[in-house]
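Here the structure is laid out as structure tokens; the discussion comes afterwards.
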Amino acid sequence: ADAPEEMNWIQQGHHYGFPYRFGNQSGKDFRDAPNPPGNIQFTDAIVNYGPDGGFDGKPIATFDPHSGPAGLVYLDKEFPPQLADSFLVPRFGNFIRSPKPNMGFDLLQVRLKKSAESNYTAQVHSLFQGLGRPNDLCILPGGRLLLNEYSRATNSTESYDPSGRITEIIYERPGAAK
């Protein structure tokens with residue numbers, strides 16, 4: 001059905017659609033999907049206003065279909081200003097070769113902004129592309145991140161190679177001794 005991958009702001013008492021709808025789509029994605037009970041009000045996913053992560057000239061909720069976002073981490077004010085107060089999201093990458101064969105395989109930065117509708121919107125930027133199916137991140141002391149790559153395949157058309165790696169990403173923290 002090619003529904004977008006969602007990022008949601010989870011709040012008590014809200015319903016985010018599953019299994020009745022995906023993303024911000026209004027109709028059924030599958031003809032055998034159940035009908036929602038009449039009294040459910042859905043809370044929309046965070047809308048991506050680009051420029052990356054699935055934004056293709058129009059907003060999307062939230063990432064490309066089948067791109068496999070995982071391992072979300074929040075970077076606080078201890079990180080450099082260009083990264084502080086944002087999320088990093090590795091995207092494992094799709095196994096489906098259509099409609100876009102190489103969605104994901106990257107590391108995105110997501111900066112949220114509170115919208116007038118009491119939800120959030122996102123500005124999404126690609127930090128690294130051509131990664132080997134990244135699936136997790138870990139923040140370490142001293143401005144370091146560990147990025148786990150599951151394999152060496154950097155797109156959905158390459159043959160599978162199970163030899164992954166862990167990449168250390170080092171950022172100099174503001175005011176750190178040199």
Side-chain angles (χ1 to χ4, degrees), residues 2-10 16 18 22-23 45-56 59-114 120-178:
D2 295 323
E5 302 278 9
E6 294 182 31
M7 182 176 184
N8 292 293
W9 174 36
I10 304 300
Y16 299 91
F18 183 82
F22 301 89
I46 294 171
V47 176
N48 174 358
Y49 284 94
D52 299 314
F55 181 83
D56 195 13
I60 182 174
T62 307
F63 306 109
D64 289 302
H66 315 292
S67 61
L72 171 88
V73 296
Y74 175 73
L75 302 181
D76 61 18
K77 303 274 189 236
E78 296 292 316
F79 281 83
Q82 67 270 27
L83 294 173
D85 197 30
S86 70
F87 293 89
L88 296 185
V89 181
R91 295 193 305 163
F92 187 79
N94 63 327
F95 284 108
I96 298 172
R97 295 183 180 175
S98 67
K100 298 179 193 175
N102 298 315
M103 294 178 288
F105 303 92
D106 56 9
L107 179 63
L108 301 177
Q109 178 186 27
V110 178
R111 194 169 299 279
L112 299 180
K113 180 180 177 186
K114 189 85 163 173
Y120 284 91
T121 61
Q123 294 290 313
V124 178
H125 296 271
S126 178
L127 293 180
F128 300 108
Q129 297 176 341
L131 297 173
R133 295 204 180 275
N135 63 359
D136 207 358
L137 280 169
C138 178
I139 298 175
L140 298 175
R144 299 180 304 146
L145 297 165
L146 293 180
L147 173 67
N148 184 63
E149 293 178 79
Y150 179 75
S151 74
R152 294 309 317 131
T154 60
N155 64 61
S156 62
T157 59
E158 290 179 14
S159 60
Y160 174 75
D161 176 358
S163 57
R165 68 179 174 184
I166 295 177
T167 303
E168 182 178 25
I169 303 168
I170 301 171
Y171 292 100
E172 188 173 298
R173 290 185 185 255
K178 295 189 178 184

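The CG atom of L147 lies 8.5 Å from the CG atom of D136; values are rounded to the nearest 0.5 Å. Interatomic distance, M7 CE to I46 CD1, rounded to the nearest 0.5 Å: 5.0 Å. Atom CG of L83 is separated from atom CD of E78 by 13.0 Å, given to the nearest 0.5 angstrom. Here CG of N148 is found 4.5 Å from CG of N135. Values are rounded to the nearest 0.5 Å. Summarising the geometry, atom CD belonging to Q123 is positioned 12.0 Å from atom OG belonging to S86; distances are rounded to the nearest 0.5 Å. Put simply, CZ on R111 and NZ on K113 are 12.5 Å apart, with the number rounded to the nearest 0.5 Å.
In this structure, D64 and N94 have side chains that are not in contact, with every pair of non-hydrogen atoms separated by 4.5 Å or more. Looking at heavy atoms from C-beta onward, T167 lies in side-chain contact with E149 at the 4.5 angstrom threshold. Within the 4.5 Å cutoff, the side chain of R91 has no heavy atoms near those of the P134 side chain.
For the pair D52 (side chain) and S126 (backbone), a donor-acceptor distance under 3.5 Å is present. The main-chain N or O of G23 is found under 3.5 Å from a side-chain atom of E6 such that the two form a donor-acceptor pair. R133 contributes no side-chain N or O that, together with a main-chain N or O of G104, makes up a donor-acceptor pair within less than 3.5 Å.
A side-chain contact (heavy atoms from CB on, under 4.5 Å) with T62 is found for one member of V89, V110, T121, N48 and no other, namely N48. For the ring-ring contact (aromatic ring centres under 6.0 Å, His included) test with F87, the passing option among Y74, W9, F63 is Y74; the others fail. None of I169, L72, L75 except one satisfies the side-chain contact (heavy atoms from CB on, under 4.5 Å) rule with L88; the exception is L75.
The neighbour count for K114 NZ, taken as heavy atoms of other residues, nucleotides or ligands under 6.0 Å away, is above 12.
Taking every heavy atom of both residues into account, N8 and Y16 meet most closely at OD1-CD2, 3.6 Å. Minimum interatomic distance between G71 and P90 (heavy atoms only, all atoms of both residues): O-CD, 3.7 Å. Minimum heavy-atom separation, G130 to T154: O-CG2, 3.0 Å. Taking each heavy atom of A3 and F22 in turn, the nearest pair found is CB-CB, 3.5 Å.
Relative orientation of the Y150 and F92 rings is tilted, given thresholds of 30° and 60° on the angle between their planes.
Side-chain atoms of E5 and S67 include no donor-acceptor pair closer than 3.5 Å.
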